[in-house]
Chemist: 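Take a look at the following structure, please.
Below, each value reflects all heavy atoms present in this structure, side chains not excepted, and no hydrogens, waters or symmetry copies.
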Amino acid sequence: MTPPKFTTLGCRLNTYETEAMKELAAQAGLSGAVVVNTCAVTSEAVRKARQEIRRLRRENPEARLIVTGCAAQTEPETFTAMDEVDAVIGNTEKMAPQTWRTLAADFIGETEKLMVDDIMSVTQTAGHLIDGFGTRSRAYVQVQNGCDHRCTFCIIPYGRGNSRSVPAGVVVDQIKRLVDTGYNEVVLTGVDLTSWGADLPGEPRLGDLVMRILKLVPDLPRLRISSIDSIEVDENLMQAIATEHRLMPHLHLSLQHGDDLILKRMKRRHLRDDAIRFAEEARRLRPDMTFGADIIAGFPTETEAHFENSLKLVEDCDLTWLHVFPYSARPGTPAAKIPSKVDGGTIKARAARLRAAGSAAVARHLSAQVGRTHRVLMESPEMGRTEQFTEVRFATPQTEGAIVTTRITGTGAGHLTA
């Protein structure tokens with residue numbers, strides 16, 4: 001029996017779900033297969049998925065090739081039309097044990113090639129109980145899936161469906177189990193994390209979940225939140241930022257742009273000043289707070305003045321870790337129909353300027369840490385991360401998974417040294 005091979009493209013949530021699929025496939029007894037978990041965030045992501053599928057077919061000519069993920073959900077016909085592909089399964093189907101049992105039992109090929117249902121009809125998200133992935137130091141827990149918002153550039157709601165939350169009790173039980181097996185940090189993940197709870201009885205908020213975890217899992221040393229929409233942050237989450245030292249002082253903000261007109265055309269729910277006010281308040285409550293952010297360069301109708309507002313946002317919000325996305329039209333989104341496109345060369349140049357601003361911000365952050373003492377979670381014997389998620393490389397080996405208190409001695413290319 002040859003265990004299936006998995007390839008993951010795209011976000012951290014995809015990586016998490018791949019780990020869950022590995023367990024489901026193993027339980028079903030699936031063998032001799034290659035599974036590609038795709039991303040659909042941009043047209044380029046779909047192109048890379050097709051390219052990866054062709055490469056994997058060349059390398060595994062006898063294997064059954066199964067495609068799943070957001071691109072499979074939003075463009076199933078694209079992948080069923082590929083000769084290299086044997087089966088296409090949707091985002092709901094990939095988390096169902098029966099799907100993998102069917103694939104394992106029907107390996108000779110009698111199953112329909114396409115297994116993709118309407119994701120908008122899905123109303124629940126189960127807590128996929130895996131033992132974490134990556135290093136033995138940090139575990140990721142999916143608490144939410146889907147999105148109720150319809151930003152004009154984004155196809156993801158059509159790949160993930162509407163927002164669904166994992167009940168707090170299920171989340172707490174999973175985190176207790178992870179802590180019992182030795183994890184020192186847990187990261188809460190989701191597609192639209194700050195919408196957690198809106199579909200649950202009583203409509204709790206993300207801050208309620210955070211406070212409940214910290215209260216009911218006292219042995220958890222570090223709790224981290226992944227990407228959030230700052231306009232949806234609730235009072236309890238701000239209280240947790242101010243009072244709970246076990247909540248890590250690092251937030252990744254879904255900002256997307258720094259100009260009010262472009263934000264409105266993106267159908268975002270915040271304006272420039274909202275982002276600045278949130279960053280200032282969060283840093284007032286937690287002076288050691290650092291921010292990452294997603295910013296899109298070259299959205300249709302973006303002028304140089306609009307772009308400059310995004311560039312200035314790096315300083316105005318004191319952003320450190322930038323994820324810069326050159327805009328590419330995504331078929332099926334309203335933004336793709338906007339006629340006033342920015343030319344490709346300008347988009348590339350603006351993205352480069354944003355990345356340069358991000359690199360300068362990282363350099364400032366790193367230099368400010370020299371001589372300071374940090375608590376570092378070791379991801380390997382030589383490398384760990386501070387509470388602000390800054391990489392630290394050690395001259396002498398440390399215990400993997402341990403939290404080490406150390407003095408920062410210098411900086412390297414994108415990292416600290418100790």
Chemist: Please say whether more than 12 non-hydrogen atoms of neighbouring residues, nucleotides or ligands are located less than 6.0 Å from CD in E77.
Modeler: yes

Chemist: Cation over ring, R150 on Y158, under 6.0 Å and within 45°?
Modeler: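 Satisfied, under 6.0 Å and within 45°.
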
Chemist: Look up atom OG1 in T38 and atom CG in L9, then write down how far apart they are to the nearest 0.5 Å.
Modeler: 7.0 Å

Chemist: Where the side chain of H306 meets the backbone of E304, is there a donor-acceptor pair that is under 3.5 Å apart?
Modeler: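 The answer is no, because no donor-acceptor pair under 3.5 Å joins these two groups.
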
Chemist: Taking all non-hydrogen atoms of both residues, which atom of P4 and which atom of S31 are closest, and how far apart?
Modeler: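 Of all heavy-atom pairs spanning P4 and S31, the closest is CD-CA, 4.4 Å.
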
Chemist: Restricting to non-hydrogen atoms, name the atom on A329 and the atom on S43 that form the minimum distance, rounded to 0.1 Å.
Modeler: O-OG, 2.6 Å

Chemist: Compute whether any side-chain donor of one residue and acceptor of the other, for S254 and R268, lie under 3.5 angstrom apart.
Modeler: yes

Chemist: Taking 4.0 angstrom as the limit, do E44 and R47 come out as a salt bridge?
Modeler: yes

Chemist: Can you label the angle between the H252 ring and the H323 ring as parallel, tilted or perpendicular, going by 30° and 60°?
Modeler: tilted

Chemist: Taking 4.0 angstrom as the limit, do R277 and D274 come out as a salt bridge?
Modeler: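 Salt bridge present between R277 and D274.
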
Chemist: Take the angle between the ring planes of F299 and Y327 and call it parallel below 30°, perpendicular above 60°, tilted in between.
Modeler: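 Perpendicular.
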
Chemist: When you look at NZ of K341, are more than 12 heavy atoms from neighbouring residues, nucleotides or ligands closer to it than 6.0 Å?
Modeler: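 Yes, the 6.0 Å shell around NZ holds more than 12 heavy atoms from other groups.
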
Chemist: Decide, yes or no, whether a salt bridge links E185 with R375 under the criterion of side-chain N to carboxylate O below 4.0 Å.
Modeler: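 Judged by the 4.0 Å cut-off on N to carboxylate O distance, E185 and R375 do not form a salt bridge.
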
Chemist: Return the minimal non-hydrogen interatomic distance between E17 and N145, and the atom names on each side.
Modeler: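 Heavy-atom minimum between the residues: OE2-ND2, 3.5 Å.
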
Chemist: Indicate yes or no for a side-chain donor-acceptor contact from K348 to the backbone of D343 under 3.5 Å, with no hydrogens or angles considered.
Modeler: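 Flag not set: sc K348 to bb D343 has no pair under 3.5 Å.
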
Chemist: Run the salt-bridge test on R54 and E84 with the 4.0 Å N-O cut-off and return the result as yes or no.
Modeler: no

Chemist: Any donor-acceptor pair under 3.5 Å linking the side-chain atoms of H270 with those of S230?
Modeler: no

Chemist: Do we see a donor-acceptor contact under 3.5 Å between the side chains of T320 and T290?
Modeler: no

Chemist: So, the side chain of D148 versus the backbone of S163: is there a donor-acceptor pair under 3.5 Å, distance only?
Modeler: yes

Chemist: When you compare the side chain of L223 with that of V217, does any pair of heavy atoms fall below 4.5 Å?
Modeler: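 No - every pair of side-chain heavy atoms lies 4.5 Å or more apart.
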
Chemist: Quick check: does any side chain N or O of D208 sit under 3.5 Å from a backbone N or O of R205, one acting as donor and the other as acceptor?
Modeler: yes

Chemist: Could you go through Q142 and T189, starting from their C-alpha distance and side-chain angles, then the distance that decides it, and tell me whether this counts as side-chain contact (heavy atoms from CB on, under 4.5 Å)?
Modeler: CA-CA 5 Å; Q142 181 185 352; T189 69; 3.9 Å; yes

Chemist: May I ask you to say whether R57 pairs ionically with D86, meaning some side-chain N is under 4.0 Å from a carboxylate O?
Modeler: yes

Chemist: Can you confirm whether more than 12 heavy atoms, excluding those of E308, are under 6.0 Å from its CD atom?
Modeler: yes

Chemist: Are K176 and D219 ion-paired here, with the side-chain N under 4.0 Å from a carboxylate O?
Modeler: no

Chemist: Can R350 and E302 be counted as an ion pair, charged N to O under 4.0 angstrom?
Modeler: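 A salt bridge is present here (some side-chain N lies under 4.0 Å from a carboxylate O).
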
Chemist: Test your reading of the model: is there a side-chain donor-acceptor pair from R286 to the backbone of M238, 3.5 Å cut-off?
Modeler: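 Flag not set: sc R286 to bb M238 has no pair under 3.5 Å.
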
Chemist: Nearest 0.5 Å, please: how far is CG in D260 from CG in N309?
Modeler: 8.0 Å

